[in-house]
Amino acid sequence: MNHQISPVENEVSVIDFGSQYTQLIVRRVRELGFLAHLYQPEELPLLNKPGAIILSGGPKSTHDEDAIDIDFAALQGYGVPVLGVCYGMQLLNLKFGGSVSRSEHREYGPAQLVPKGDSPLYQGVKDSQVWMSHSDTVENLSETTQVIATNKDGIPVSLSWGHDFYGIQFHPEVTHSHQGTLILKNFLNLAPELKPFKINDFKEELLEKIRKDVGGREVVCGVSGGVDSTVLAVLLKEAGVNMRAIFVDHGLLRKNESAEVQSYFKKIGINLQVLEVSELFLGKLAGVSDPEVKRKIIGNLFLDVFWDAVGGEVELLAQGTLYPDVIESASNKNSKASTIKTHHNRISRVLELQEQGKVLEPLDQLFKDEVRELGMLLGIDADIVNRHPFPGPGLAVRCPGAITPEKLHSIREADAIFIGKLKEHGWYDKVWQACVTLIDSKTVGVKGDERSYENPVSLRAVISEDAMTADWVELPYELIREVSNLILNKVPGVNRVLYDVSTKPPASIEWE
Ligand code: XMP
């Protein structure tokens, strides 16, 4: 296994062929109330009595020399319902004796689904839009294959082989497939014994597991004020373990953030060790404008300061690593593609501790929204549970060019205005993340009767599922106007406001 999840009996095992949507399949299954985990294709024979199996889509063609294969005998041996999505369906068609035709042309976007016959997969599903993202298509079908849905031109987009094997060419896990969730639900109905996923039961199991894993050891954990580390700290407190929580104020936090974090932890009775090291960070960053160099300085300094405070031998380090991080690290390890960034939870020092059994990651099976649900159950204030994600390097990634205290002040003030207005107008909880970036290029303007030569800021608000992809939010013009007027009137050093209308990909959420 290349991640730490041991297969669980009667869960839904999702086999990852590398599609950008694979994590969404796991999420959708959990949203439907069942436990699901992701596995690599080579892990298929190692599953532990799965309740159902889903083969994901993927970027490869089954014709590629290095096409990813599966152990079909093992798959059949489980005797449970199997759903192949996109590449997964093409693979099943090949395994059942059909063929797949290669195409250089990619079909990407909406198509019309027309269910045929009375397959249980399409119970209650009407003709509706589905989302396609593929090149190859199934060609010849074996005699045992049944076409259970086509597109509007009569081309097969969904197949079945006997009672247990189903294939769909489109992506039911994305919201653009209008009845995708119902199709997944119908598939899961074919597996009566599936293990339910309920966050409350999960919480109790988690507390018990933490107590057992910790034994009598002291647990050190870093706190940032964000959702994950707060939930982690409160969970450790609830488990009654001996904890030492450390908060690093690196001077790159938002307006009032440090004070707010400290006062919240005081309120809930968790003693925080605060490391006020702003000067150290800003000193080392002075004059540095390369984004990667800045990241490295911040990352290394953070670790130095943190480990210095920890001092001596660590008995147990707790981290708020989430399931997408685990998956990402596992797929980075497997992937031939270059790693874009090493996850900060997987630096060598942590890996060493992990090998010695000294790392505790209680949230490593949860998605962000599930962590939020857990946070609510633990009684954490809603405005903390629903906080937008905030990057570890803080405002540094929103300050292209060299960082100065003046620029940070402008970003903080503009950010406070933007976030404040989003909250006031009920938009804060509707967006995944919103941020203000100070653009490192001066523009001419007029302030009062004087010429101004100052920086623009860019506002960005995105919706996303776990930050892998993102779309910009169509905020009302009146709201943008109000924010813009306030920023132009109140924030020093800023004479222009822009609204970022870039999707991710290709743009990332942060500017650096
Ligand atoms: P990007 O900019 O890559 O960001 O689209 C995706 C999500 O990750 C956050 N982010 C980070 N979080 N350390 C973090 O803990 C980092 O170095 C970092 N860089 C980006 C970003 O805010 C967004 O939520």
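If you're wondering where the values come from, they're calculated on a predicted model, not measured in any experiment.
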Once salt bridge (Lys or Arg N to Asp or Glu O under 4.0 Å) is applied, do any residues pair with Asp213, and if so which ones, sequence neighbours excluded?
Lys209
Kindly indicate whether the side chain of Leu317, heavy atoms from C-beta on, has any atom under 4.5 Å from the side chain of Val350.
yes
Please name the pair of heavy atoms, one in Val436 and one in Asp415, separated by the smallest distance, quoted to 0.1 Å.
CG2-CA, 3.7 Å
With a 4.5 Å heavy-atom cut-off, do Ile417 and Ile487 have their side chains touching?
yes
For the residue pair Ser56 / Ser19, report whether a side-chain donor-acceptor contact shorter than 3.5 Å exists.
no
Step by step, work out the side chain to side chain contact (heavy atoms under 4.5 Å, CB included) result for Glu465 and Leu24.
CA-CA 8 Å; Glu465 300 214 39; Leu24 278 183; 3.3 Å; yes
Can you tell me how far apart CG (Leu91) and CD1 (Ile68) are? Round to the nearest 0.5 Å.
9.0 Å
Between CD of Glu205 and NZ of Lys198, what distance do you get to the nearest 0.5 Å?
11.0 Å
Do you know the tightest heavy-atom contact between Ala507 and Arg460?
CB-NH2, 4.1 Å
Could you check whether Lys358 pairs with Glu315 (Lys NZ or Arg NE/NH1/NH2 to Asp/Glu carboxylate O, under 4.0 Å)?
no
Heavy-atom closest contact (Ser61 atom, Ala67 atom, distance):
O-CB, 3.3 Å
Just grab all the salt bridge (charged side-chain N to carboxylate O under 4.0 Å, His left out) pairs involving residues 264-284, residues at least two apart or on different chains.
Lys267-Asp381
Full working for side chain to side chain contact (heavy atoms under 4.5 Å, CB included) between Cys435 and Glu510
CA-CA 8 Å; Cys435 49; Glu510 307 287 355; 4.1 Å; yes
Heavy-atom distance under 4.5 Å between the side chains of Leu232 and Leu236, does that happen here?
yes
Do other residues, nucleotides or ligands put more than 12 heavy atoms under 6.0 Å from Lys407 NZ?
yes
Checking Arg30 against Tyr323: charged group under 6.0 Å from the ring centre and within 45 degrees of the axis?
yes
With sequence neighbours excluded, residues passing ring pair (Phe, Tyr, Trp, His ring centres under 6.0 Å) with Phe72
Phe96
Using a 6.0 Å cut-off, check whether atom CD of Glu218 has over 12 heavy atoms from anything other than its own residue.
yes
Contacts of type side chain to side chain donor-acceptor pair (under 3.5 Å), residue Ser258, not counting sequence neighbours:
Asp249, Gln262
Please round to the nearest 0.5 Å and tell me the distance separating atom CG of Leu194 and atom CG of Leu35.
9.5 Å
Per the salt bridge (charged side-chain N to carboxylate O under 4.0 Å, His left out) rule, what does the pair list look like for residues 47-61, sequence neighbours excluded?
Glu9-Lys49, Lys60-Asp66
Before accepting this row, confirm whether a basic side-chain N of the pair Glu31/Arg28 lies closer than 4.0 Å to the acidic partner's carboxylate O.
yes
Are Leu252 and Pro393 close enough that some pair of their side-chain heavy atoms sits under 4.5 Å apart?
no
CA sep, side-chain torsions, deciding dist, call: Lys421, Glu424, salt bridge (Lys or Arg N to Asp or Glu O under 4.0 Å)
CA-CA 5 Å; Lys421 285 293 162 192; Glu424 195 182 313; 3.0 Å; yes
Apply side chain to side chain donor-acceptor pair (under 3.5 Å) to Ser13 and list each qualifying residue two or more places apart in sequence or on a separate chain.
Glu11
Please verify the inter-ring angle class for Phe281 with His250; under 30° counts as parallel, over 60° as perpendicular, anything in between as tilted.
tilted
Those residues at least two apart in sequence (or on a different chain) that pass side-chain contact (heavy atoms from CB on, under 4.5 Å) with Ser410 are Leu438, Val491, Val494
Given side chains that start at C-beta, do those of Lys294 and Ile403 come closer than 4.5 Å, heavy atoms only?
yes
With the side chain counted from C-beta on, respond yes when Ser464 and Gln433 share a heavy-atom pair under 4.5 Å apart, and no when they do not.
no
With side chains defined as the heavy atoms from C-beta onward, is the minimum distance between Val220 and Leu316 less than 4.5 Å?
no
Just jot down the side-chain contact (heavy atoms from CB on, under 4.5 Å) partners of Ala434, sequence neighbours excluded, or say none.
His388, Phe418, Ile419, Leu422, Val431, Ala461
Enter the distance from Ile15:CD1 to Leu38:CG here, rounded to the nearest 0.5 Å.
8.0 Å
Out of Ser133, Ser177, Cys86, which residue meets the side chain to side chain contact (heavy atoms under 4.5 Å, CB included) rule with Phe170?
Ser177
Sequence neighbours left out, what passes salt bridge (Lys or Arg N to Asp or Glu O under 4.0 Å) with Arg254? Give chain and number order.
Glu257
Distance-minimising heavy-atom pair for Tyr499 and Val473:
OH-O, 2.6 Å
Between Asp500 and Ser458, which heavy-atom pair has the shortest distance, and what is it?
CB-OG, 3.7 Å
Show your reasoning for whether side chain to side chain contact (heavy atoms under 4.5 Å, CB included) applies to Val85 and Ile54.
CA-CA 7 Å; Val85 175; Ile54 300 180; 4.1 Å; yes
So, using salt bridge (Lys or Arg N to Asp or Glu O under 4.0 Å) as the criterion, who are the partners of Asp304 when residues are at least two apart?
none
Value rounded to 0.5 Å, distance of CZ in Phe302 from CD1 in Ile297
16.0 Å
Test of understanding: with ring pair (Phe, Tyr, Trp, His ring centres under 6.0 Å), list the residues that count as partners of His176, not counting sequence neighbours.
Trp131
Of all heavy-atom pairs linking Lys255 and Ala416, the shortest is CD-CB, 3.8 Å
Kindly say whether the aromatic ring centers of Phe197 and Phe34 come within a distance under 6.0 Å.
no
Pairwise side-chain contact, Leu498 with Leu459, heavy-atom cut-off 4.5 Å (strictly under):
no
Side chain to side chain donor-acceptor pair (under 3.5 Å) with Glu355: which residues, sequence neighbours excluded?
none
Are there over 12 heavy-atom neighbours, none belonging to Asn271, within less than 6.0 Å of that residue's CG?
no
Can you say whether the rings of His37 and Tyr39 are parallel (under 30°), tilted (30 to 60°) or perpendicular (over 60°)?
perpendicular
Calculate, to the nearest 0.5 Å, the distance between atoms CE and CG belonging to Met89 and Leu55 respectively.
12.0 Å
SB check Glu352 Arg349 (cutoff 4.0 Å)
no
Steps toward side chain to side chain contact (heavy atoms under 4.5 Å, CB included) verdict (Thr22, Phe17)
CA-CA 8 Å; Thr22 308; Phe17 290 97; over 6 Å; no
Main chain of Asp290, side chain of Arg295: is a donor-acceptor contact present, judged purely on distance under 3.5 Å?
no
Decide, yes or no, whether a salt bridge links Lys423 with Asp383 under the criterion of side-chain N to carboxylate O below 4.0 Å.
no
Hey, is Asp471 close enough to Lys504 for a salt bridge, meaning N to O under 4.0 Å?
no
